[in-house]
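Below: one structure, written as structure tokens.
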Amino acid sequence: MTVRTRFAPSPTGFLHVGGARTALFNWLFARKHGGQFILRIEDTDEKRNTAEANQVIFDGLNWLGLDWDEGPDKGGDYGPYRQSERNAIYEKHLAVLEAGGHVYEDEGSIRFRSPRKTVLVEDMVCGRIEFDMSNPATHPDMTIRRPDGSWIFHFVNVVDDIEMKLTHVIRGEDHLSNTPKHIELYNALGATPPKFGHIPLILNHEGKKLSKRDGGSSITYFMDLGYTPEAVINYLCLLGWSPGENRERLDVAEIRELFDLEHINRRNAIFDLDKCFWLNGQHILAMSLERFVQLAKPFVDKAGIPYGTEVALLPALAIVKPKVKHLSDVPDWIGFLFTEDFAMDAEAVEKSLKKPGATARLRALSEAFATVTDWTHASLETTLKATATVLGIKTGEMVHPARVALSGRSVGPGLYEMIEVLGKDRTLARLERAKSLAAE
RNA sequence: GGCGCCUUCGUCUAGGGGUUAGGACACAGCCCUCUCAAGGCUGGUGCACGGGUUCGAAUCCCGUAGGCGCUGCCA
């Protein structure tokens with residue numbers, strides 16, 4: 001039997017991190033077992049069904065790297081993959097329920113008549129749970145169709161899962177209490193229920209369900225701020241799941257290999273942006289320069305940094321890669337390398353250049369650098385340190401004014417690396433220019 | 001209210017009868033150091049509570065409390 005899982009979001013114009021994690025777990029499960037991952041859009045509420053809202057889902061999943069085998073944009077053997085286009089299928093299944101005497105009309109809507117028995121849910125995450133459905137007062141018959149003919153989630157969801165031959169349904173724990181009702185529906189439709197796995201919810205810092213208002217509740221937030229997909233995937237999978245052995249930074253390939261439903265715990269998790277942020281830095285540090293360029297370049301382009309060719313951009317990105325935590329910070333970190341019109345931070349100028357002797361130091365450094373033929377960070381370091389020694393000052397007393405003179409600020413990439421990237425001409429010119437700002 | 005699920009540092013978690021209860025983020029201090037990071041070291045804070053069972057409970061059982069979810073003609 002081929003494993004078939006799905007992600008079935010409603011197009012709200014927003015891809016929630018909880019939804020993204022549900023998608024991730026389904027994707028991981030399918031990929032791990034050599035199965036298929038299906039994308040189905042649950043747009044029974046047609047008001048929400050806009051092209052933009054659909055696109056947000058596609059973009060988010062694509063960004064995360066969660067590819068699907070069947071879906072509205074891809075087709076497949078069990079389409080259409082939008083509920084708004086599956087009306088005939090629902091009618092057909094409703095007829096089956098009618099024929100079996102499982103439904104009745106109630107003020108224009110259609111309700112499913114519960115068999116009123118105990119339903120056993122055997123959940124891959126939660127274990128065996130019995131639900132006593134015998135009391136109509138506490139478990140009323142669910143509505144499956146509104147008087148206006150539109151369908152209710154429970155019904156279409158089950159019908160689609162049957163029709164699309166899904167074998168495993170991994171979803172949020174908010175559906176655990178709905179599951180016995182869904183199983184009743186499967187039975188009435190003569191279908192075998194899939195295996196269910198209910199994963200814990202993601203909560204905000206107040207312990208409430210993460211809402212749109214909470215920072216980091218939307219995948220767009222991570223895309224815009226310059227998180228890497230690898231870090232977000234990593235963080236999301238660590239919420240409610242652990243591979244053991246104190247592993248923290250994992251790449252997707254490792255996660256695909258290690259992931260299993262057995263190690264999903266059952267308690268809800270509070271979303272911690274701090275840790276996600278840390279993980280992002282870890283992934284940036286660990287990734288190849290090629291990957292970093294691929295991820296950072298759009299941010300640099302968007303900021304309009306005049307780097308010219310990609311060949312010129314590469315060394316700049318290389319020296320900030322170990323420092324940067326958000327890709328959106330990259331333009332700010334490399335901007336001074338591509339313009340002579342960079343801002344001079346007043347505080348930094350005050351602290352490092354307005355010091356007695358600063359001019360002499362810059363002059364000495366400038367003269368020393370002028371003789372350097374091997375313009376590499378290693379020999380630049382040697383030269384700078386030797387110059388400081390000659391002047392009888394500590395390395396730092398030379399480094400700080402130089403950094404401000406060359407970049408306009410007191411923090412940045414490694415000084416020698418940035419001088420190397422700057423090149424001899426620009427370095428000497430900037431040192432010269434800074435003398436006018438420096439104290440005698 | 002009813003039903004279901006859950007409860008290990010502030011947060012994410014490991015641990016499922018004998019552990020000095022481990023790791024990570026965050027926080028503090030120190031080291032390294034050209035800044036900022038990274039890295040290294042150190043530190044504090046935790047088994048919700050009450051009863052059992054047991055020689056021994058964070059771990060098993062019962063209860064209580066708290067949290068979350070469902071109880072929609074939302075998904």
Side-chain angles (χ1 to χ4, degrees), chain A residues 8-12 16 19 42-45 48 83 106-111 121 123 125-127 129-133 135 137-140 142-148 150-154 156-157 171-181 198 200-203 205-209 235 238-249 263 265-279 281-282 284-286 320-325 333 348 351-352 381 384-385 388 394-404 407 409-419:
Chain A
S10 178
T12 58
H16 192 273
E42 304 221 330
D43 56 352
T44 53
D45 183 350
R48 294 173 167 182
Q83 290 187 331
D106 177 24
E107 293 181 11
S109 60
I110 303 207
R111 285 182 187 272
V121 175
D123 193 276
V125 176
C126 305
I129 303 163
E130 280 193 354
F131 290 87
D132 179 2
M133 308 295 281
N135 187 353
T138 56
H139 295 90
M142 66 178 147
T143 304
I144 62 171
R145 190 176 206 179
R146 302 186 188 87
D148 68 1
S150 60
W151 306 97
I152 301 297
F153 156 78
H154 302 290
V156 291
N157 184 268
R171 54 177 19 171
E173 200 196 84
D174 47 344
H175 286 303
L176 185 57
S177 298
N178 290 147
T179 304
K181 295 190 289 194
H198 288 90
L201 267 20
I202 298 179
L203 311 176
H205 275 289
E206 278 71 54
K208 307 288 181 196
K209 219 169 162 177
Y235 181 70
L238 251 22
L239 236 34
W241 175 80
S242 164
E245 298 174 346
N246 296 330
R247 307 268 255 120
E248 299 289 342
R249 202 196 83 225
H263 286 87
N265 65 39
R266 302 180 61 181
R267 46 186 303 217
N268 293 162
I270 290 172
F271 194 93
D272 181 20
L273 214 42
D274 280 339
K275 184 148 183 179
C276 190
F277 178 75
W278 171 79
L279 227 27
Q282 292 290 308
I284 288 175
L285 209 52
V320 300
K321 179 172 172 283
K323 309 279 184 172
V324 154
K325 291 294 195 65
W333 274 76
K351 207 175 160 196
S352 299
E381 177 169 0
L384 182 143
K385 284 182 173 168
K394 285 188 279 190
T395 305
E397 293 176 283
M398 182 63 94
V399 163
H400 298 305
R403 174 181 292 285
V404 176
S407 71
R409 50 177 70 187
S410 56
V411 300
L415 180 68
Y416 312 114
E417 286 78 6
M418 83 190 207
I419 295 174

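Sequence lines set the chain letters: A, B, ... in the order given, protein chains first and strands last, and positions in each chain run from 1.
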- Query: So which nucleotide from B:rU35, B:rC12, B:rU71 ends up closest to the side chain of A:R403?
  - Reply: B:rU35

- Separation of atom CG in A:D123 from atom P in B:rC70, rounded to whole Å: 16 Å

- Please report, rounded to the nearest Å, how far the P atom of B:rC68 is from the NZ atom of A:K209. 12 Å

- Message: Counting only side-chain heavy atoms from C-beta out, which of B:rU13, B:rC34, B:rA75 sits nearest to A:L415?
- Response: B:rC34

- Message: Nearest heavy atom decides the nucleotide; on that basis, is A:K325 or A:E206 closer to the 5' end of RNA chain B?
- Response: A:K325

- When we call it a touch if two heavy atoms are under 4.0 Å apart, what does A:P147 touch: a base, just sugar-phosphate, or nothing? base

- Note on the structure: Answer for the Watson-Crick or wobble partner of B:rA57, both distances under 3.5 Å, is none

- Nearest to the side chain of A:E107 - B:rC34, B:rC73, B:rC12? B:rC73

- Query: When we call it a touch if two heavy atoms are under 4.0 Å apart, what does A:H205 touch: a base, just sugar-phosphate, or nothing?
  - Reply: nothing

- Item | Distance, rounded to the nearest Å, where A:Q83 contributes CD and B:rC74 contributes C1' | 13 Å

- Of all the nucleotides listed (B:rC73, B:rU71, B:rA38), which has the minimum atom distance to the side chain of A:N178? B:rU71

- Counting any heavy atom closer than 4.0 Å, what does A:Y416 reach on the DNA or RNA strands: base, sugar-phosphate only, or nothing? base

- Message: What I want to check is whether the side chains of A:R146 and A:S150 have a donor and an acceptor closer together than 3.5 Å.
- Response: yes

- Item | C1'-based separation of B:rA57 from B:rU45 [nearest Å] | 23 Å

- Message: With a 4.0 Å limit, can you tell me whether A:R111 has a side-chain N or O closer than that to the phosphate oxygens OP1/OP2 of B:rC73?
- Response: yes

- Query: Would you call A:R266-A:E173 a salt bridge at under 4.0 Å N-O?
  - Reply: no

- Query: Taking the side chain of A:L201 as its heavy atoms from C-beta onward, which of B:rU71, B:rC68, B:rC34 lies nearest to it?
  - Reply: B:rC68

- From the list B:rA75, B:rC36, B:rC73, which nucleotide is the closest neighbour of the side chain of A:W333? B:rC36

- Query: Counting just side-chain N and O atoms, does A:S109 come under 4.0 Å of either OP1 or OP2 of B:rC73?
  - Reply: no

- Message: Whole angstroms only, please: what is the CG-C1' distance between A:L203 and B:rG66?
- Response: 14 Å

- Query: So, is A:S150 close to the B:rC73 phosphate, meaning a side-chain N or O under 4.0 Å from OP1 or OP2?
  - Reply: no

- Task: Measure from CE on A:M142 to P on B:rC74 and round the result to the nearest Å.
- Result: 14 Å

- Query: Can you give one letter per nucleotide of nucleotides 5-10 of chain B, 5' to 3': B if a protein heavy atom sits under 4.0 Å from the base, S if only from the sugar-phosphate, - if neither?
  - Reply: SSSB--

- Message: Base, sugar-phosphate or nothing for A:G207? Non-hydrogen atoms, less than 4.0 Å.
- Response: sugar-phosphate

- Note on the structure: Side-chain contact check for A:H154: nearest option of B:rA75, B:rC25, B:rG2 is B:rA75

- Message: Of the options B:rU11, B:rA75, B:rA14, whose atoms approach the side-chain atoms of A:D174 most closely?
- Response: B:rA75

- Item | Among B:rC36, B:rC25, B:rA24, the nucleotide that comes nearest once only the side chain of A:E248 is considered | B:rA24

- Side chain of A:R146 (C-beta onward), nearest among B:rC12, B:rC73, B:rG69: B:rC73

- For residues A:D123 and A:T179, determine if any side-chain heavy atom of one lies less than 4.5 Å from a side-chain heavy atom of the other. no

- Look at all strands and tell whether A:E245 reaches a base, only sugar-phosphate, or nothing, counting heavy atoms closer than 4.0 Å. nothing

- Task: Sort out the partner of B:rU20 for me: Watson-Crick or G-U wobble, both distances under 3.5 Å, none otherwise.
- Result: none

- Hey, does A:N265 reach any base, or is it just sugar-phosphate, or nothing, if we go heavy atoms under 4.0 Å? sugar-phosphate

- Message: Can you check the distance between B:rA48 and B:rG66, where both ends of the measurement are the C1' atom (answer in whole Å)?
- Response: 8 Å

- Give a yes/no on whether any side-chain N or O of A:Q282 is located under 4.0 angstrom from OP1 or OP2 of B:rA37. no

- Sugar-phosphate, base or nothing in reach of A:G240, heavy atoms under 4.0 Å: sugar-phosphate

- Task: With heavy atoms under 4.0 Å as the rule, sort A:K385 into base, sugar-phosphate or nothing.
- Result: sugar-phosphate

